[in-house]
Amino acid sequence: MPDTDNQPLPTIAILGGTGAEGSGLALRWARAGYDIIIGSRQQEKAERVTAELNEKLGEDLIRGMENPAAARAASIAVLTVPYSAHRATLESVRDEVQGKILIDVTVPLKPPKVSVVSLPEGRTAAEEAQAFLGEGVRVVSAFQNVSAVHLKDPDHPIDCDVLVTGDDPAARQVAIDLADAADARGVDAGPLANAIVAEGLTALIIGINKRYKVRGAGIRITGID
Ligand SMILES: NC(=O)c1ccc[n+]([C@@H]2O[C@H](COP(=O)([O-])OP(=O)(O)OC[C@H]3O[C@@H](n4cnc5c(N)ncnc54)[C@H](OP(=O)(O)O)[C@@H]3O)[C@@H](O)[C@H]2O)c1
């Protein structure tokens with residue numbers, strides 16, 4: 001957790017936070033004290049999902065907005081949409097995220113073969129995001145290997161590491177703190193070019209889930225504290 005020195009924790013907009021992964025992260029981070037906004041293409045859907053999450057939390061901690069308004073109101077944006085919606089969602093918030101950190105959780109899976117590694121034209125979703133948004137946005141890649149099923153169950157321990165990559169060390173640290181706040185462990189995995197490993201690992205994990213008949217296999221880096 002960050003050393004906040006009584007400073008309020010930052011506001012986080014989860015773009016596509018109405019889905020499985022984004023709502024799971026929202027629950028964990030709201031519980032840890034972050035100010036969370038769920039972003040959606042539709043205000044109504046954002047509000048509906050927000051109400052469900054607040055009911056689970058037992059308090060009205062989360063707000064819902066359309067993606068651009070959510071990104072405008074936050075200092076950190078987290079992108080949790082299917083790869084097919086990646087570019088369109090980035091286009092909708094390009095201006096609003098300038099000067100901020102964008103944490104990309106998107107995995108470039110190619111349905112129906114989601115247990116086979118697939119890489120997009122720009123090498124990784126995260127590098128495509130950085131190229132599209134420009135140098136005014138610090139893109140970090142993280143959380144691709146954490147199961148939504150476990151995130152959404154607040155009593156379930158998150159028994160895995162989060163590989164965090166990005167070209168700005170301070171921005172990577174923000175994501176590492178968020179991994180810790182989500183009850184996982186953030187691991188500094190270096191520059192954004194290394195996002196290829198975390199994005200590729202998701203297909204392997206989906207295959208492992210199927211073959212071993214489990215719902216939330218994960219990864220661990222050993223040998224570090
Ligand atoms: N689920 C997991 O366990 C998991 C684990 C690790 C990583 N991931 C990755 O995290 C990302 C999100 O996964 P998810 O399971 O949360 O996805 P999801 O539930 O299928 O979708 C998330 C949200 O994306 C928006 N969306 C969906 N289709 C769209 C489209 N065609 N155009 C624009 N927006 C669209 C929707 O929000 P609105 O309709 O509200 O706009 C939706 O609620 C994916 O890239 C996935 O590979 C998932």
Side-chain angles (χ1 to χ4, degrees), residues 13-29 36-53 62-71 77-94 102-120 122 124-129 139-153 156 158-165 175 178-179 182 184 195-210 214-219:
I14 308 181
L15 313 171
T18 50
E21 186 76 359
S23 353
L25 290 169
L27 279 174
R28 298 272 172 171
W29 290 335
I36 301 298
I37 306 172
I38 291 286
S40 169
R41 287 167 294 176
Q42 296 164 269
Q43 178 72 31
E44 212 178 35
K45 186 172 173 186
E47 284 174 11
R48 178 167 45 78
V49 173
T50 295
E52 289 164 13
L53 295 175
I62 301 177
R63 294 173 281 159
M65 296 182 190
E66 288 184 13
N67 285 324
V78 177
L79 184 56
T80 56
V81 294
Y83 181 68
S84 57
H86 188 245
R87 180 63 178 247
T89 311
L90 287 171
E91 276 170 6
S92 74
V93 299
R94 189 183 196 167
L102 180 125
I103 301 175
D104 201 348
V105 184
T106 310
V107 181
L109 296 172
K110 211 178 205 172
K113 292 192 169 180
V114 292
S115 52
V116 175
V117 177
S118 149
L119 299 174
T124 59
E127 287 164 289
E128 288 183 340
V139 173
V140 176
S141 164
F143 299 104
Q144 292 88 351
N145 310 136
V146 186
S147 155
V149 177
H150 291 169
L151 284 172
K152 290 192 92 166
D153 175 0
H156 196 290
I158 304 291
D159 183 22
C160 72
D161 287 343
V162 172
L163 299 176
V164 176
T165 59
L178 282 170
I196 198 164
V197 175
E199 291 191 16
L201 267 175
T202 304
L204 266 72
I205 291 170
I206 293 170
I208 289 166
N209 281 341
K210 283 186 190 154
V214 296
R215 297 185 73 194
I219 60 131

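Read the numbers this way: they start at 1 and go in the same order the structure lists the ligands and their atoms. Reckoned from all heavy atoms, side chains included, excluding hydrogens, waters and symmetry mates. What you are looking at is a predicted structure, and each value in this text was computed from that prediction instead of being measured.
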**Student:** Do the ring planes of His150 and His156 sit parallel (below 30°), tilted (30 to 60°) or perpendicular (above 60°)?
**Tutor:** parallel
**Student:** Counting only heavy atoms not in Lys210, do more than 12 fall under 6.0 Å of its NZ?
**Tutor:** yes
**Student:** Below 3.5 Å only, please: the N or O atoms of ligand 1 paired with protein N or O atoms, distance on each line.
**Tutor:**
{"from": "ligand 1", "atom 1": "3 (O)", "to": "Ala148", "atom 2": "N", "distance (Å)": "3.0"}
{"from": "ligand 1", "atom 1": "16 (O)", "to": "Ala20", "atom 2": "N", "distance (Å)": "3.1"}
{"from": "ligand 1", "atom 1": "16 (O)", "to": "Glu21", "atom 2": "N", "distance (Å)": "2.9"}
{"from": "ligand 1", "atom 1": "19 (O)", "to": "Ala20", "atom 2": "N", "distance (Å)": "3.3"}
{"from": "ligand 1", "atom 1": "32 (N)", "to": "Arg41", "atom 2": "NH1", "distance (Å)": "3.1"}
{"from": "ligand 1", "atom 1": "34 (N)", "to": "Arg41", "atom 2": "NE", "distance (Å)": "3.3"}
{"from": "ligand 1", "atom 1": "37 (O)", "to": "Thr18", "atom 2": "OG1", "distance (Å)": "3.0"}
{"from": "ligand 1", "atom 1": "39 (O)", "to": "Arg41", "atom 2": "NH2", "distance (Å)": "2.8"}
{"from": "ligand 1", "atom 1": "39 (O)", "to": "Lys45", "atom 2": "NZ", "distance (Å)": "2.6"}
{"from": "ligand 1", "atom 1": "40 (O)", "to": "Thr18", "atom 2": "OG1", "distance (Å)": "2.6"}
{"from": "ligand 1", "atom 1": "40 (O)", "to": "Ser40", "atom 2": "OG", "distance (Å)": "2.5"}
{"from": "ligand 1", "atom 1": "41 (O)", "to": "Arg41", "atom 2": "N", "distance (Å)": "2.8"}
{"from": "ligand 1", "atom 1": "41 (O)", "to": "Arg41", "atom 2": "NE", "distance (Å)": "2.9"}
{"from": "ligand 1", "atom 1": "43 (O)", "to": "Thr18", "atom 2": "OG1", "distance (Å)": "2.7"}
{"from": "ligand 1", "atom 1": "43 (O)", "to": "Gly19", "atom 2": "N", "distance (Å)": "3.2"}
{"from": "ligand 1", "atom 1": "45 (O)", "to": "Val81", "atom 2": "O", "distance (Å)": "2.7"}
{"from": "ligand 1", "atom 1": "45 (O)", "to": "Val107", "atom 2": "N", "distance (Å)": "3.1"}

**Student:** For Ser40 versus Thr18, what's the shortest heavy-atom pair and its separation?
**Tutor:** CB-CG2, 3.7 Å
**Student:** Between Glu91 and Arg87, is there a salt bridge with N-O shorter than 4.0 Å?
**Tutor:** yes
**Student:** Quiz question: by atom type and distance under 3.5 Å, do the side chains of Tyr83 and Glu128 form a donor-acceptor pair?
**Tutor:** yes
**Student:** Once side-chain hydrogen bond (donor to acceptor under 3.5 Å, both in side chains) is applied, do any residues pair with Thr202, and if so which ones, sequence neighbours excluded?
**Tutor:** Asn145
